Amino acid sequence: MYILVSASAHGTAEPQGVHLQALDDVGHPTADAVVVPLADLPRKIAKLETKRPRWVFENVRDWYPQLLADATDIDIERCHDVTLIRGILRFATSAAPSPYIEVLHSAPLDDTEDALPRQLQPPPPAPDQGTLFESGPTTSGMPLEDLRDELQAQLAAIAQSPQAHRLTLLTAAESAGALVAAEMEHFGMPWREDVHNDILTTALGPRPREGHRPPELERLAGELRTTLKNPTLNPDSPQELLRALHRAGLEVKTTRQWELEQHNHPVIAPLLQYKKLSRLVTANGWTWLDAWVHDGRFHPEYVVGGVVTGRWASRGGGAMQIPRVIRDASRPDPGHRFIVADAAQLEPRVLAALAKDSALAAAARGRDLYQGIADQGFGGDRSTAKIAMLGAMYGATSGEAGRLMPQLTRTYPQAIAVVEHAAREGEAGGVVSSHLGRSCPPPSPRWLQAQQSTTADEQRRAEGVARARGRFTRNFVVQGTAAEWALCWLAELRRRLRTAAGPGPALGKLVFFLHDEVVLHVRDECVEEVEAIVQASAAAATHLLFGNIPIDFPVNAVVVDSYADAK
DNA sequence: ACGCGTAGCGCG
DNA sequence: AAAGCGCGCTACGCGT
């Protein structure tokens, strides 16, 4: 059963409050809607949760964070996030056609803000609304009736799809992800401000006044000015820096790290050090600490499905780009440990599963897939095998990876055929899909227009653009399916942690997620049990996605007292 | 003063 | 050895 949750009812004179309505499995009402005051919502949810419904929100983001903040014991097993599923169905080629899907298709392509076309957009809030729920969920959400209609349309598009089973799983996993994201945001990642400050001070000297460089950066800047004989040089300006380097006789095209490393000149070492420290202080320095860490927790904001491939993105705090040097500041609370787990070589394993490539599956049999590939076709050289495999999934054409492609194609014809087919499809303006049915966006009108070019010059450019799309679709099938595996893993982890705890205290909390890696904050005495759950969840994710296949998706899990000690 | 594109670098 | 996928963030530097 489903239970709709909406802050507003359209066209009724009912008192304001939260409207709840129970629906059957295809979205038809089984009882009249009820209205409960917002303050009673947690209690009402607890009562109805015993029926194990799927809670339907227009947006989990608009409801769940506040519920977590208000009621410590809030307990939701599963949900359906109408906005996230709308985003999937908008492009999913396996969705059953319907007027609803037509409307989704009619949304302009470049609107990144939301995928909701104007016809379906909620009416602007009436001026007299918005006073009752000042700290609560939005009042400008969809009316109950519209939410119900859209849920029905979504369920029909999924159920009548030839891939109903896969789309159903994707819908559940994506929605579970929304719950996990809100819970991780709420709990936060344990973060020791004092340790972080020590790291910064050791590298940079004491915290400078606002708008000034830390002592060590100032010293290095002085050294650069002296060496380059330019007393006013601002090393933060690539243009200035490039000119100064040219005057010093260094023929570099850019000021990128890897290019600078090729040269031998007294300015290179201090310059690379300057860049490294400058990066540290601007991206993850004291300002970052002030903005994102409170009461011993780093609170990032996750954007579920924020990446076209279905990966999560983050907003603020750069949660997906925490540099290794700063990870030592993340320490478990007393009486707790971190379990840091990551899926080993997830993407090539996903490719082996997608392609049912038994040779690649054989290489994946051991724990180290790249070593397996190396032993089968690259003379045992692991790093060469890795470059070749990554090149195949990214569409490398030149360099070492490009040269290795023929050998890889000979060894794994089926796997390579899958990514090559995806690339050809994309180059031709087509659309590709992940295993569970997340499809990539179609090419923009501008892209299609460019393909009609007439002059030789324009044609060459258009071919380049077409190949770029081919590399995107080539990678999409692999990255998108890997994201689905990770989402299922996450959902299974959440489910099993809840079941294992029962009504008692949590064994541990998910506190961080990074594409193919999770961090769990676990009570000392529960470490072994949670380790087993991590492994069982991975096996369950593999089975959910691919059924019984002879391909392992091993997970490396380590128990540590600092995030930096993982890997 | 603000918006926006670019360079550069962090992560997977 | 330095291309080939997906992101976010900061500072610069140009445009308005």
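Note on naming: letters A, B, ... go to the chains in the order of the sequence lines (proteins, then strands), and numbering restarts at 1 for each one. Since we're looking at a predicted model, the values are computed, not measured. Only this structure's heavy atoms are used, side chains among them; waters, hydrogens and symmetry mates stay out.
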With a 4.0 Å cut-off on heavy atoms, is [X] in touch with a base, just the backbone sugar-phosphate, or nothing at all?
X: R474(A); result: nothing
X: I387(A); result: nothing
X: N234(A); result: sugar-phosphate
X: Q262(A); result: base
X: E259(A); result: nothing
X: G317(A); result: sugar-phosphate
X: K275(A); result: sugar-phosphate
X: R327(A); result: sugar-phosphate

Out of [options], which has the shortest distance to the side chain of [X]?
X: Q257(A); options: dC9(B), dC7(C), dA2(C); result: dC9(B)
X: N475(A); options: dG6(C), dC12(C), dG8(B); result: dG6(C)
X: T254(A); options: dG6(C), dG13(C), dG8(B); result: dG8(B)
X: S237(A); options: dC11(B), dG13(C), dG8(B); result: dG13(C)
X: A396(A); options: dG4(C), dG8(B), dC12(C); result: dG4(C)
X: T255(A); options: dA11(C), dG6(C), dG8(B); result: dG8(B)
X: D236(A); options: dA11(C), dC5(C), dA3(C); result: dA11(C)
X: Y394(A); options: dG12(B), dA3(C), dG8(C); result: dG12(B)

State whether the number of non-hydrogen atoms from other residues, nucleotides or ligands found under 6.0 Å of E259(A) atom CD is greater than 12.
->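 Correct, the count exceeds 12.
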
Hey, does the side-chain of R311(A) have a donor or acceptor N/O within less than 3.5 Å of a partner on the base of dG12(B)?
->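 Side chain to base: pair present.
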
Check whether the side chain of R279(A) and the base of dC9(B) form a donor-acceptor pair under 3.5 Å.
->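 Between dC9(B) and R279(A), which were checked side chain against base, a qualifying N/O pair under 3.5 Å is present.
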
Should dT10(C) form a Watson-Crick or G-U wobble pair with both distances under 3.5 Å, which nucleotide is its partner?
->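 Base-paired to dA7(B).
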
Given that both distances must come in under 3.5 Å, which nucleotide forms a Watson-Crick or G-U wobble pair with dG15(C)?
->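 For dG15(C), the partner nucleotide comes out as dC2(B), under the 3.5 Å rule.
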
Can a donor-acceptor pair be found between the side chains of Q371(A) and D375(A) at a distance below 3.5 Å?
->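 Per modelled atom types, Q371(A) and D375(A) side chains form a pair under 3.5 Å.
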
Atom [atom1] of [X] to atom [atom2] of [N]: distance rounded to whole Å?
X: L404(A); N: dA1(C); atom1: CG; atom2: P; value: 13 Å
X: Q479(A); N: dC7(C); atom1: CD; atom2: C1'; value: 8 Å
X: L233(A); N: dC12(C); atom1: CG; atom2: P; value: 12 Å

Do R331(A) and Y563(A) meet the cation-pi criteria used here (NZ or CZ under 6.0 Å from the six-membered ring centre, within 45° of the axis)?
->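 Checked: cation-pi criterion not met.
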
How far, in whole Å, is dG4(C) from dG12(B) if one measures between their C1' atoms?
->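 Those two atoms are separated by 15 Å.
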
Member of V511(A), V559(A), V534(A) meeting the side-chain contact (heavy atoms from CB on, under 4.5 Å) criterion with L520(A) =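 Testing L520(A) for a side-chain contact (heavy atoms from CB on, under 4.5 Å) against V511(A), V559(A), V534(A) leaves exactly one candidate, V534(A).
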
Under 30°, 30 to 60°, or over 60°: which ring-plane class applies to W485(A) and F553(A), parallel, tilted or perpendicular?
->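 W485(A) vs F553(A) ring planes: parallel.
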
